[in-house]
2 protein chains.
Amino acid sequence: MKIHQLRALVEIAATGSINGAARRLHVTQPAVTKAVRDLEDECGVRLLERNPWGVVPTAEGAALLQRARTVVRELERAGKTSRTSRAIAPASS
Amino acid sequence: MKIHQLRALVEIAATGSINGAARRLHVTQPAVTKAVRDLEDECGVRLLERNPWGVVPTAEGAALLQRARTVVRELERAGKTSRTSRAIAPASS
DNA sequence: CGGGCTTACGGTGTGCGTAAATATC
DNA sequence: GATATTTACGCACACCGTAAGCCCG
């Protein structure tokens, strides 16, 4: 269960395609494919339904997607918090 | 901003020492030291106050700690969700 | 001396990119 | 032929463990 895997899932859902997710994540398609595949392999569930025109989350994928969104969002906030701390830190003489 | 770094921060705060965190995380002390150091280096803030008898989170460390706890907790829930999906998935003929 | 943190060094594993293959329209 | 996904291969980076050093009681 790695972050980049959850991020991949989130972006795939957001764009409706692995290609689009790859663009957003600034990585190549195979990287995203492997990320979700590892995730599916890890939990033993098909997270995406592969269609010729793209992909759609399965019910299980959608369920995990909600969790993934929260994790990514909170991680984002953590990064923001660290930046804020960086701003107020210099005053801690 | 990696998960294991946040996890390290959480466990350090929980145990009050890098040594204790290492034990909980089933890794060695240097690994934990480097994890928090990388985190500090990344956000440019001293997260821990090093004392001879152990370490104590700084104000900035405490702030990030709250976020870190949330991230770790949510990630935990994500893993649990995947297990649940695994349980209900086989019925999706 | 003992306990705890840090630094340096080497190995191993993982994630990424490139290249090639398959399927649909 | 174009688009989208998947698989295979090789590489670079990051994490971890071991070993050695430093500080304080």
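What you see is a predicted model; the values in this text were computed from it and never measured. Throughout, a chain's letter reflects where its sequence line sits, starting with A, and its residues are numbered from 1.
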| task | In sequence, state the C-alpha distance, the side-chain angles, and the governing distance for A/Q5 and A/V36, and then conclude on side chain to side chain contact (heavy atoms under 4.5 Å, CB included). | result | CA-CA 6 Å; A/Q5 295 170 349; A/V36 296; over 6 Å; no
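- Each of C/dC16, D/dG17, C/dT7 was ranked by its minimum atom distance to the side chain of A/V27; first place goes to C/dC16.
- Each of C/dG15, D/dT18, D/dC15 was ranked by its minimum atom distance to the side chain of B/Q5; first place goes to D/dC15.
- For B/P52, taking side-chain heavy atoms from C-beta onward, the closest of the listed nucleotides D/dC24, D/dT18, C/dG15 is D/dC24.
- Hydrophobic clustering (side-chain heavy atoms under 4.5 Å, transitive across Ile, Leu, Val, Met, Phe, Trp, Tyr) keeps A/V32 apart from A/V56.
- Atom C1' of nucleotide C/dT7 and atom NZ of B/K34 are separated by 11 Å, given to the nearest angstrom.
- Contact between the side-chain N/O atoms of B/R37 and the OP1/OP2 oxygens of C/dT7 is found at a separation under 4.0 Å.
- Regarding A/I3, its CD1 atom lies at a distance of 15 Å from the C1' atom of C/dT14, rounded to whole Å.
- Mapped onto DNA chain C by nearest heavy atom, A/H4 and B/W53 fall at different nucleotides, with B/W53 at the one closer to the 5' end.
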| query | Under the side chain to side chain donor-acceptor pair (under 3.5 Å) criterion, do B/R67 and A/T81 qualify, and how do the steps go? | reply | CA-CA 8 Å; B/R67 303 295 190 189; A/T81 297; 2.8 Å; yes
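- Rounded to an integer number of Å, the gap from B/Q29 CD to D/dC22 C1' is 14 Å.
- Which of D/dC15, C/dG17, D/dT5 sits closest to the side chain of A/S17 comes down to D/dT5.
- A pairwise comparison of heavy atoms in B/A8 and B/A21 identifies O-CB, 4.3 Å as the closest pair.
- A/E49 places its CD atom 13 Å from the P atom of D/dT6, with the value rounded to the nearest Å.
- Closest to the B/A31 side chain, of the nucleotides C/dT7, D/dC15, D/dC16, is D/dC16.
- Taking every side-chain heavy atom of B/I18 into account, C/dC5 is the closest of C/dA19, C/dC5, D/dA14.
- Among D/dT5, C/dG17, D/dT18, the nucleotide with an atom closest to any side-chain atom of A/V55 is D/dT5.
- In this structure, A/R50 does not reach the D/dA4 phosphate: none of its side-chain N or O atoms is under 4.0 Å from OP1 or OP2.
- The side chain of A/K2 approaches C/dG15 more closely than any other nucleotide in the set C/dG15, C/dT7, D/dT6.
- Atom CG in A/L47 sits about 12 Å away from atom P in D/dT6, given to the nearest Å.
- Within 6.0 Å of the CD atom in A/E42, the count of heavy atoms belonging to other residues, nucleotides or ligands exceeds 12.
- Between D/dC16 and B/T28, no contact under 4.0 Å exists linking OP1 or OP2 to a side-chain N or O.
- When the C1' atom of C/dC16 is taken as reference, atom CZ of A/R23 falls 17 Å away, rounded to whole Å.
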